[in-house]
Amino acid sequence: HVQLVESGGGLVQPGGSLRLSCEVSGVTMDYYAIGWFRQAPGKEREGVSCVSDSDSDTWYADSVKGRFTISRDNAKNTVYLQMNSLQPEDTADYYCAAQFIGSAWFGCGPLYGKDGRGKGTLVTVSS
């Protein structure tokens with residue numbers, strides 16, 4: 001059973017940076033793709049980024065491409081989302097999500113937690 005715990009959210013000014021962390025437990029993280037999605041009040045959830053079992057397979061939403069970087073440290077069972085040049089439209093609850101890399105895995109894209117998700121961490125971008 002995959003357990004995911006996010007941390008690193010907070011209040012930041014426009015143009016600032018934050019690094020979110022997603023600690024994974026209960027499984028061998030090597031066998032899972034981990035992604036981030038976000039949901040702002042009154043809006044649909046949006047896939048943000050994904051990393052497969054290695055850093056060579058990553059995906060980013062167009063809205064964050066060039067500003068956000070996802071990485072994973074399997075030794076620490078942790079996935080990171082470095083967020084730079086944050087804008088007010090990035091304000092949302094950010095969730096990490098896991099999907100097992102099995103025969104039905106076709107590569108990174110939006111992940112919403114088919115095999116588990118965390119409770120979220122709030123990111124607020126405001127002056």
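These numbers were taken from a predicted model, which means no experiment stands behind them.
A distance-only check finds a donor-acceptor pair linking the side chain of Glu6 to the backbone of Cys96 [under 3.5 Å].
Nearest heavy atom pair, residue Leu4 against residue Ala98, reads CD2-CB, 4.1 Å. The two residues Val51 and Thr58 come nearest to each other via the heavy atoms CG2-CG2, 3.9 Å. Minimum heavy-atom separation, Asp115 to Phe100: OD2-N, 2.6 Å. Taking each heavy atom of Gln39 and Arg45 in turn, the nearest pair found is NE2-N, 3.8 Å. Here the closest non-hydrogen pair linking Gly113 and Ala97 is N-CB, 3.2 Å. The two residues Cys50 and Trp105 have their closest heavy-atom pair at SG-CH2, 4.2 Å.
For the pair Ser126/Thr91, no side-chain contact is recorded, criterion being any heavy-atom separation below 4.5 Å from C-beta on. In this structure the side chain of Arg38 never reaches within 4.5 angstrom of the side chain of Val123, judged on heavy atoms. Residues Ser52 and Trp59 fail the side-chain proximity criterion, which asks for heavy atoms closer than 4.5 Å. At least one side-chain heavy atom of Tyr94 sits under 4.5 Å from a side-chain heavy atom of Thr121.
In this structure, CE on Met29 lies 10.0 Å from CD on Glu23, to the nearest 0.5 angstrom. Going from atom CG of Asp53 over to atom CD1 of Ile34 covers 11.0 Å, rounded to the nearest 0.5 Å. One finds the NZ atom of Lys119 at 9.5 Å from the CD atom of Gln3 (value rounded to the nearest 0.5 Å).
Cluster annotation: Tyr32 and Tyr95 are assigned to distinct hydrophobic clusters (Ile/Leu/Val/Met/Phe/Trp/Tyr, side-chain heavy-atom contacts under 4.5 Å, transitive). Criterion: ILVMFWY side-chain heavy atoms under 4.5 Å apart, direct or through other members. Under it, Val27 and Leu111 are not part of a common hydrophobic cluster. There is a path of hydrophobic side-chain contacts, each under 4.5 Å, that joins Tyr31 to Val2. In the hydrophobic clustering of this structure, Trp36 groups with Phe68; members are Ile, Leu, Val, Met, Phe, Trp, Tyr whose side-chain heavy atoms approach within less than 4.5 Å, directly or through other members.
More than 12 heavy atoms of other residues, nucleotides or ligands shown are found within 6.0 angstrom of CD on Glu46. By the neighbour-count criterion of 12 heavy atoms within 6.0 Å, atom OH of Tyr112 is densely surrounded, having more than that number from other residues, nucleotides or ligands.
For Ser56, the side-chain hydrogen bond (donor to acceptor under 3.5 Å, both in side chains) partners at least two apart in sequence or on another chain are Ser54.
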Using a 3.5 Å cut-off and no angle test, enumerate the donor-acceptor pairs between side-chain atoms of residues 79-89 and protein atoms at least two apart in sequence or in another chain.
unit_1: Gln82; atom_1: NE2; unit_2: Asn84; atom_2: OD1; d: 2.9
unit_1: Asn84; atom_1: OD1; unit_2: Ser17; atom_2: OG; d: 2.9
unit_1: Gln87; atom_1: NE2; unit_2: Ser85; atom_2: O; d: 3.3

